[in-house]
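Basis for what follows: all heavy atoms, side chains included, without hydrogens, waters or symmetry-related copies.
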Amino acid sequence: PPRTETNQTRFMVVLAGRQVGKSLTSEYAIYCKAAYSPGHDHLTIADTRDRAQDLHQRVHHLHYRWPEEIRAPTAPSREVRQLTFDQEIGGRMRVLSAESGAGAIGQSPNSNHNSEIAWWADAPGQFTLLWPALIQSDNALVINECTPAPADAPSVEWWKDHCKDAKMGLGRLYYKFYPFWDGKRNTRPWPKHSKPTQEELSLLNKYSGQGLTLPNLAFRRFMMEQDAQLRRNPELFRIFYPFDDLSCWVGGIKSVLHPTLLTKHIEALDPTVTWAAPYVEWEAPEKG
């Protein structure tokens with residue numbers, strides 16, 4: 001990673017859509033470091049225990065399919081949430097869940113991968129406990145990553161502010177954004193004899209220079225057809241599959257009612273009819 005003026009490694013903050021490989025690639029990349037660096041301690045924290053273990057199982061899958069002639073030997077261990085290498089050759093990789101409130105306390109990792117942070121139960125509290133273990137380690141390797149998230153995600157406001165801080169280059173942070181079309185799986189064949197809608201043409205005009213293609217828009221159509229929630233609220237697509245790192249947060253603004261729910265009622269209003277509130281007063285209001 002790049003370094004600060006005082007020669008400390010910068011901590012990478014990745015904002016990206018679903019299915020672009022940000023979690024798995026981070027784990028696979030650090031595997032090489034942990035397997036061949038004696039004493040290296042890598043810590044992964046995911047939003048839930050199940051997801052943490054799933055990521056870790058994929059690392060085991062990689063390890064046992066690594067070329068045998070260069071595969072680092074492992075030390076005997078019964079711990080299922082840890083991969084420990086022979087101490088003369090490598091270090092260890094372990095996982096924790098953000099579900100436990102003080103999961104980050106008392107750690108001293110050489111590298112740290114924090115996954116799907118917006119869905120952590122208490123990201124502000126967890127990072128307050130985690131930062132002291134990393135901030136004074138000049139060579140610590142850190143990746144914080146997540147998709148944008150809707151307003152009901154428990155730590156979405158902290159994640160949004162964290163991305164903003166990284167974009168400004170505060171402290172040791174640096175920032176990377178990847179739109180959804182960087183994910184190779186986020187494409188579908190464009191239907192024959194089909195023409196782009198006016199909305200799709202508008203998106204192409206705005207983003208084709210950055211990499212958006214018709215197969216990406218075909219994927220968008222497919223997801224709208226497949227997922228009823230995306231059909232009802234198309235803004236969610238921009239959250240989970242962002243076009244840019246500004247509009248992806250618009251759908252995350254908290255509101256009582258989504259504007260589309262009010263449209264049919266607004267159009268139904270007859271200006272010639274005086275409206276009378278259909279309510280029942282259960283208790284008279286009191287002044288003040």
Side-chain angles (χ1 to χ4, degrees), residues 1-2 9-35 42-67 81 83 93-98 109 111-120 123 141-150 153 155-156 159-160 162-163 166-167 173-189 207 210-220 222-223 226-227 230 236-245 248-249:
T9 52
R10 289 192 174 275
F11 300 159
M12 188 177 185
V13 177
V14 180
L15 180 68
R18 293 178 171 180
Q19 299 298 322
V20 299
K22 56 191 180 302
S23 296
L24 189 59
T25 302
S26 299
E27 289 296 289
Y28 278 9
I30 205 63
Y31 166 83
C32 303
K33 192 77 171 177
H42 173 70
L43 172 65
T44 295
I45 305 178
D47 52 326
T48 65
R49 181 179 296 275
D50 287 344
R51 234 179 60 78
Q53 292 186 190
D54 179 63
L55 269 178
H56 194 58
Q57 285 301 316
R58 294 182 183 217
V59 173
H60 279 267
H61 182 274
L62 170 70
H63 173 71
Y64 289 111
R65 283 155 182 78
W66 204 250
R81 292 186 293 278
L83 180 60
M93 300 181 73
R94 55 201 175 91
V95 293
L96 290 175
S97 165
S111 58
N112 170 225
H113 170 208
N114 300 303
S115 182
E116 299 300 352
I117 296 171
W119 278 271
W120 287 21
L141 304 174
V142 178
I143 294 180
N144 297 332
E145 49 84 0
C146 189
T147 58
S155 291
V156 63
W159 172 238
K160 181 179 177 182
H162 189 61
C163 289
K167 197 171 183 179
L173 305 177
Y174 81 106
Y175 178 72
K176 292 288 183 180
F177 168 73
Y178 299 96
F180 85 93
W181 53 82
D182 276 2
K184 294 182 179 180
R185 301 180 68 185
N186 294 338
T187 62
R188 299 287 298 170
Y207 297 108
Q210 300 171 37
L212 179 67
T213 64
L214 281 175
N216 300 129
L217 291 178
F219 169 78
R220 179 175 177 268
F222 173 75
M223 289 302 297
Q226 181 73 23
D227 192 330
L230 292 181
L236 284 176
F237 186 89
R238 283 184 175 269
I239 296 175
F240 298 134
Y241 301 96
F243 291 82
D244 57 63
D245 60 352
C248 66
W249 299 113

> Between R238 and R220, does a side chain to side chain contact (heavy atoms under 4.5 Å, CB included) hold up when you go through it step by step?
Replying inline: CA-CA 10 Å; R238 283 184 175 269; R220 179 175 177 268; over 6 Å; no
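- Summarising the geometry, atom CG belonging to D227 is positioned 8.5 Å from atom CZ belonging to F240; distances are rounded to the nearest 0.5 Å.
- The CD atom of Q19 lies 4.5 Å from the CZ atom of R185; values are rounded to the nearest 0.5 Å.
- Counting only heavy atoms from C-beta outward, the side chains of V95 and L55 never approach each other to under 4.5 Å.
- The minimum heavy-atom distance between A16 and P242, with the atom names listed, is C-CG, 4.2 Å.
- Contact between R49 and S97 at its shortest, heavy atoms only, is N-OG, 3.2 Å.
- A cation-pi arrangement is absent between R58 and Y28, since the terminal nitrogen or guanidinium carbon is not both under 6.0 Å from the aromatic centre and inside a 45° cone about the axis.
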>> Run V14 and Y178 through side chain to side chain contact (heavy atoms under 4.5 Å, CB included) and show every step you take.
In response: CA-CA 8 Å; V14 180; Y178 299 96; 3.9 Å; yes
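- In this structure, R10 forms no cation-pi arrangement with Y174, as its terminal cationic atom is not both closer than 6.0 Å to the ring centre and no more than 45° off the ring axis.
- Side-chain atoms of N186 do not come within 3.5 Å of backbone N or O of V20 as any donor-acceptor pair.
- Residues W249 and L15 have side chains in contact (heavy-atom distance under 4.5 Å, counting atoms from C-beta outward).
- Note: F243 and F180 have perpendicular aromatic rings, judged against thresholds of 30 and 60 degrees for the angle between ring planes.
- Using a 4.5 Å heavy-atom threshold, the side chains of Q210 and P179 count as separate.
- Side-chain contact annotation: D244 with Y207, donor-acceptor N/O pair under 3.5 Å present.
- A 4.5 Å side-chain heavy-atom check between H60 and Y64 finds at least one atom pair inside the cut-off.
- The structure places CH2 of W119 at 5.0 Å from SG of C146, a figure rounded to the nearest 0.5 Å.
- M93 has its side chain within reach of Y31: a pair of non-hydrogen atoms, C-beta onward, lies under 4.5 Å apart.
- With rounding to the nearest 0.5 Å, the separation of CD in Q57 from CG in D50 is 11.5 Å.
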>> For S111 and H113: C-alpha separation, side-chain torsions, deciding distance, then whether side chain to side chain donor-acceptor pair (under 3.5 Å) applies.
In response: CA-CA 7 Å; S111 58; H113 170 208; over 6 Å; no
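- Distance check, rounded to the nearest 0.5 Å: CE of M223 to CZ of F237 gives 7.0 Å.
- Of the possible polar contacts, none joining the T9 side chain to the P1 backbone as a donor-acceptor pair under 3.5 Å is found.
- Looking at every heavy atom in both residues, A218 comes nearest to R188 through CB-O, 3.4 Å.
- Contact annotation: the side chain of E27 approaches that of H42 to within less than 4.5 Å [non-hydrogen atoms, C-beta and beyond].
- Of all non-hydrogen atoms in I239 and C248, the two that sit nearest each other are CG1-O, 3.4 Å.
- By the 4.5 Å heavy-atom criterion applied to side chains, K167 and D245 are counted as neighbours.
- Using a 4.5 Å heavy-atom threshold, the side chains of R51 and S23 count as touching.
- With hydrogens and angles disregarded, no donor-acceptor distance shorter than 3.5 Å links the side chain of N144 to the backbone of V13.
- W159 places a side-chain N or O within donor-acceptor distance of the main-chain N or O of T147, the cut-off being under 3.5 Å.
- Here the closest heavy-atom approach between residue L43 and residue P109 is recorded as CB-CB, 3.9 Å.
- The line from CZ of F11 to CG of L141 is 9.0 Å long, rounded to the nearest 0.5 Å.
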